[in-house]
Structures are given as structure tokens and as C-alpha cells.
Amino acid sequence: MDAMLQDLFDDVVERNAGEDEFHQAVREVFDSLALVVRRHPEYAEASIIRRICEPERQIIFRVPWVDDAGEVRINRGFRVEFNSALGPFKGGLRFHPSVYLGIVKFLGFEQTFKNALTGLPIGGGKGGSDFDPKGCSDGEVMRFCQSFMTELYRHIGEYTDVPAGDTGVGGREIGYLFGQYKRITNRYESGVLTGKGLGWGGSQVRTEATGYGLAFFVQEMLTADGASFDGTRVVVSGSGNVAIHAIEKVHQLGGTVVACSDSSGYVVDEQGIDLALLREVKEVERGRIADYAERRDGAELGRDGSIWDVSCDVALPCATQNELDADAATRLAKAGCRVVAEGANMPTTPEAVDLLQEAGVRYGPGKAANAGGVATSALEMQQNASRASWTFEETEERLERIMRDIHSLCLTTADEYDLPGNYADGANIAGFTQVADAMLALGVV
Ligand code: NDP
């Protein structure tokens, strides 16, 4: 790493001790910036890089609620408002026991550059709680969401900060959060949250957008290499919102998804994942991936290793951070995988990224490949602001165009910096320079 960037990175580590995922996300962006700082001394002069690593505001709060047994439970809530140079803070809420400040900051940092890549007027933020909705009744989830919003409402607004869903926060949770916001503020301010239901201010395609957008992005990567989805074997980790919609769109585009997973294991289904059954098991019954294997003729529950041992042309990690490590990358490359694109945020470790790139595997980073979700959230905000509702087809067409534009922005930026074909550097540089230029224009704020 460039000496100045190394000093800045050491400072980030010292100021944010113990936040390993945040350090990893910062390092990954810094690794792409050596040429940028040489070509743009004005960024260093205005301390843009140091400022970009410091969130504008970090909020941590107590979330007390009462469970069905009458016991008082206490969780911790977070909202990190990272950067508003391009628009109101925008980014999802994650409810998962692993959530702590370092996870929220890594996600908020990533989100800032991802949102810039969409070309839409949105800044970056992220939030969540260490609350685990798994195993909770609807009533418990509602009481938790109401308590969470009773603090959060004072920090958000359609011109200030617009949260959405992420892991553990789907349509049910967004409904409870919006209901409480409306009640406390006495305002039907649709643009304050995205991911809303279609009957009350939501947008067509928002639920599908991250997974569909990922498939569109990969289609562009394949086309750039003179290939297509036709006849490709695809492996998708996870079986949540992103994974399910990625599987659906890959099948529509001509690929076959032969394996998927959840946190309890993975399943291999050579005929192609049966999406209706997967949805029944995971979305309706909130069951385990083993239930899918049991009910589907010919499907096998993975007994050894991990999902990355299943040979494929295209691998789409769509579950969680750091799920694809160096060993997995080596095995994927050896087995002939040609493309790895991230549906999840930071699912590939830095060592794995290096190994994939050295082996000639095309690597599509999450901040570009999974930006379809937030882009469609911004489209939801546009519809809310103009009291309009677009059709499914119109919204999907806009999503596809945005993903095509992000893909070509990554490649043209990589070319400008003599890094042809490097999507990771292209995405980091394009996202960073857009935010940095806006920050320069806005002065020292
Ligand atoms: P969900 O909660 O809907 O799904 C997460 C899925 O990943 C579940 O199937 C879960 O299994 C599985 N999972 C979790 N940990 C592991 C693990 N260690 N190994 C294998 N599977 C695991 O979340 P989303 O689909 O919304 O989000 C997934 C990722 O995509 C996250 O990184 C998120 O930040 C990112 N993302 C999401 C966006 C969105 O619009 N939702 C937008 C952009 C990025 P189980 O059912 O057992 O918990």
C-alpha cells in the first residue's frame, strides 16, 4: 500500500480499535486508491480520505421490550450515518445477534461507495441491532420494532436518513417500523423508509431487486467475456431474500442453479433448485435447508466441506460476510469457476479475492454487483416524492439499465486507471471519486 494510505489506515485501526470488519472494508478500498491519490493531490490536501473514514454521526441506543413470557429484554440499537455528500443517508437495518458497531460501520462505509455507483442522489448509512428475530413470535417482533423506532424516529426523515431492510429485516419488520414512525410523528411520510409493502407506498421490484440486479450484473460480465448464462452451472450461497431472487433471475436468463445453502448446511440439486419448494421451506415455514433436501427427489444434503466444493461456472455468495475464504477460492478456481460475483456484502475474504484474480476468475465486488437493492430503494423514494407508482415491467427495466450502467462504469474507470478488467478497482475508484468530488465542493463540513 502507498505510504500515505498506510499511515491513514494505521490511524483508522487505532481510532476504531476492535472493529475488524470495518478495518477490512477500509483496507479493501485503500488498496485501489494508490493511483487516485497520485493523480488527485487535492483529495489529500482537503483530508478527504481521512474524513471519508469518519462517520458523520454514530448513534447507539438501548432497545427495551417485553417478550411473550412477560420478561423484559434489552438489545442494543445502532444507526451509523456515514456520509451525506451525495444525498440523505441511505442504507438498511440488520437484525442479527452478530451485529455490533464494527459490522454496522463496515456496512455503512461500503454503502457510501455503492450508493455513489448507482448515480442516484443518496448518501450512505447503515443500522441494526443484535436482536435475533429467529424464534420470536410476530408479537415479540412487533414490540421490538416499536421500541427500536421509538428512539430511531428522531434521527431519520426523508431528507435526512432513509433506512431499509437487510438481513433479518423484511417486509414484516418494515411494516412495524413504519407504523410506529407514523404514530409517533403523526405524519404519513412514505419516503422515510424503503422496502414498504405495495399497498402502502412500496415499489414494485424492491423485494426482488438485489437478487435480480446481481443476475443482470453477472449477465453483463459474461457478455463482456463473449459468453452468456445459457447452459451455465451456478452455485448460490444462502436462501434468504438476495439468494432466492438471484436464483429466480438466473433461471429466467438460462442458467441452472445447482446448489444453495443456509446457516445449517447446503443442498445440491442437479436438476436445478426448485424455487417454489425452496420458498415454501424458507419463506413460509421458516424451516431449514435439510427440509428441502428431504422433500425433493434427487437432491442431496451436503455432507462434507462447504457449498464452494460444488463445481460451477459461476459462484454467487449471497449469505454473509467472509463466507468465501482462500481455501474455497482455490477450490472454485481449480474446478473451473469463471465468475464470482457478490450478492452479500464483503462475503469474499481479501486473500480469496487475490487468489481468484490471480487465477483469472472474474470477480464482481458487492458494492457494484448487489447495488440493485439500494438503487430500487431510491426509485421507491422517487415514486413516494411524486406520489406515483410504476409498473413491475417499467421498474425492472430501470433496474436492468442501472446495473448495466454500473457494470460499464466499473470497466471504463478501470481502463482510465490502466487496470483493465478489474471490477474491484473500477468500483472502488468510481465510487470514491464521486463522493470525494462532492465533499470537495461542499467545503470542510
Ligand atoms: P436474509 O436474512 O434474507 O438471508 C440471509 C441468508 O443467509 C439466510 O438464508 C441465512 O440462513 C444465510 N446465512 C447466514 N449466515 C450463513 C452462513 N454462515 N452460511 C450459510 N448461509 C448463511 O438476508 P438477505 O438475503 O437480505 O442478505 C444477505 C446478504 O446480502 C447480506 O450480506 C446483506 O447485507 C446483503 N445485501 C442485502 C440486500 C437486500 O436488499 N436485502 C442489499 C444488498 C446487500 P438462515 O436462514 O439459516 O439464517
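Keep in mind it's a predicted model, so treat the numbers as computed, not measured. Whatever order the structure lists them in is the order used to number ligands and atoms, beginning at 1. Reckoned from all heavy atoms, side chains included, excluding hydrogens, waters and symmetry mates. Heads up: numbering here begins at 1 and tracks the sequence.
The nearest heavy-atom contact from the protein to atom 11 (O) of ligand 1 is Ser263 N, 3.2 Å. When only non-hydrogen protein atoms are considered, atom 3 (O) of ligand 1 lies nearest to Asn241 N, 3.0 Å. Nearest protein heavy-atom neighbour of atom 4 (O) of ligand 1: Gly240 CA, 3.3 Å. The protein heavy-atom contact nearest to atom 20 (C) of ligand 1 is Asp262 O, 3.2 Å. Summary of contacts: the protein heavy atom closest to atom 12 (C) of ligand 1 is Ala319 CB, 3.9 Å. With hydrogens left out, the protein atom closest to atom 27 (O) of ligand 1 is Thr167 OG1, 3.4 Å, a heavy atom. Protein heavy atom closest to atom 37 (C) of ligand 1, with residue, atom name and distance, is Val242 CG2, 3.5 Å.
Ligand 1 places these atoms under 4.0 Å from at least one heavy atom of Lys134: 45 (P), 47 (O), 48 (O). Listed by number with element, the atoms of ligand 1 under 4.0 angstrom from any heavy atom of Arg288 are 45 (P), 46 (O), 47 (O). Under a 4.0 Å criterion applied to the non-hydrogen atoms of Gly168, ligand 1 contributes the atoms 2 (O). Atoms of ligand 1 lying under 4.0 Å from any heavy atom of Thr320, numbered from 1 in the order shown and given with element: 15 (N), 16 (C), 17 (C), 18 (N). The atoms of ligand 1 that sit less than 4.0 Å from any heavy atom of Asn370 are 43 (C), 44 (C). Close contacts of ligand 1 with Arg206, meaning ligand atoms under 4.0 Å from a residue heavy atom, involve 40 (O).
Any N or O atom pair closer than 3.5 Å counts here, and Ser239 shares at least one such pair with ligand 1. Checked by distance only, ligand 1 and Asn345 come closer than 3.5 Å through their nitrogen or oxygen atoms. Between Gln321 and ligand 1, no pair of N/O atoms sits closer than 3.5 Å.
Note on Arg172 versus Asp138: salt bridge recorded, some NZ/NE/NH1/NH2 to OD/OE distance being below 4.0 Å. Of the charged side-chain nitrogens involved, none lies within less than 4.0 Å of a carboxylate oxygen, so that Asp161 and Lys90 do not count as a salt-bridged pair. A salt bridge links Lys367 with Glu28: at least one charged nitrogen is closer than 4.0 Å to a carboxylate oxygen. For Glu110 and Lys105, the salt-bridge test fails: no basic side-chain N is under 4.0 Å from an acidic carboxylate O. Under the 4.0 Å criterion applied to side-chain N and carboxylate O atoms, Arg143 and Asp68 are assigned as salt-bridge partners.
Heavy atoms of Arg94 come nearer than 4.0 angstrom to ligand 1 in at least one pair. Using a 4.0 Å heavy-atom cutoff, Gly343 is listed among the residues neighbouring ligand 1. Every heavy atom of Ser237 sits 4.0 Å or more from the atoms of ligand 1. Look at Lys282 and you'll find a heavy atom under 4.0 Å from some atom of ligand 1.
A salt bridge (Lys or Arg N to Asp or Glu O under 4.0 Å) with Asp269 is found for one member of Arg233, Arg296, Arg295 and no other, namely Arg296.
No side-chain donor-acceptor contact under 3.5 Å links Tyr181 and Gln146. Looking at Ser228 and Gln219, their side chains never bring a donor and an acceptor atom within 3.5 Å of each other.
With a heavy-atom cut-off of 4.0 Å, Thr210 touches ligand 1 through its side chain alone. Only the backbone of Cys318 comes within contact range of ligand 1, with a heavy atom under 4.0 Å; no side-chain atom does.
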- Passes ring pair (Phe, Tyr, Trp, His ring centres under 6.0 Å), Tyr188 versus Trp200? Steps please. CA-CA 10 Å; Tyr188 204 103; Trp200 42 280; 8.3 Å; no

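In the displayed structure, Arg76 atom CZ is contacted under 6.0 Å by at most 12 heavy atoms of other residues, nucleotides or ligands.
Aromatic ring centres of Phe89 and Phe82: separated by at least 6.0 Å.
Ring-plane geometry between Phe95 and Phe131 is classed as perpendicular, the angle between the planes exceeding 60 degrees on a 0 to 90 degree scale with a lower cut at 30. Using a 30° and 60° split on the angle between ring planes, Phe216 and Tyr212 fall in the perpendicular class, above 60°.
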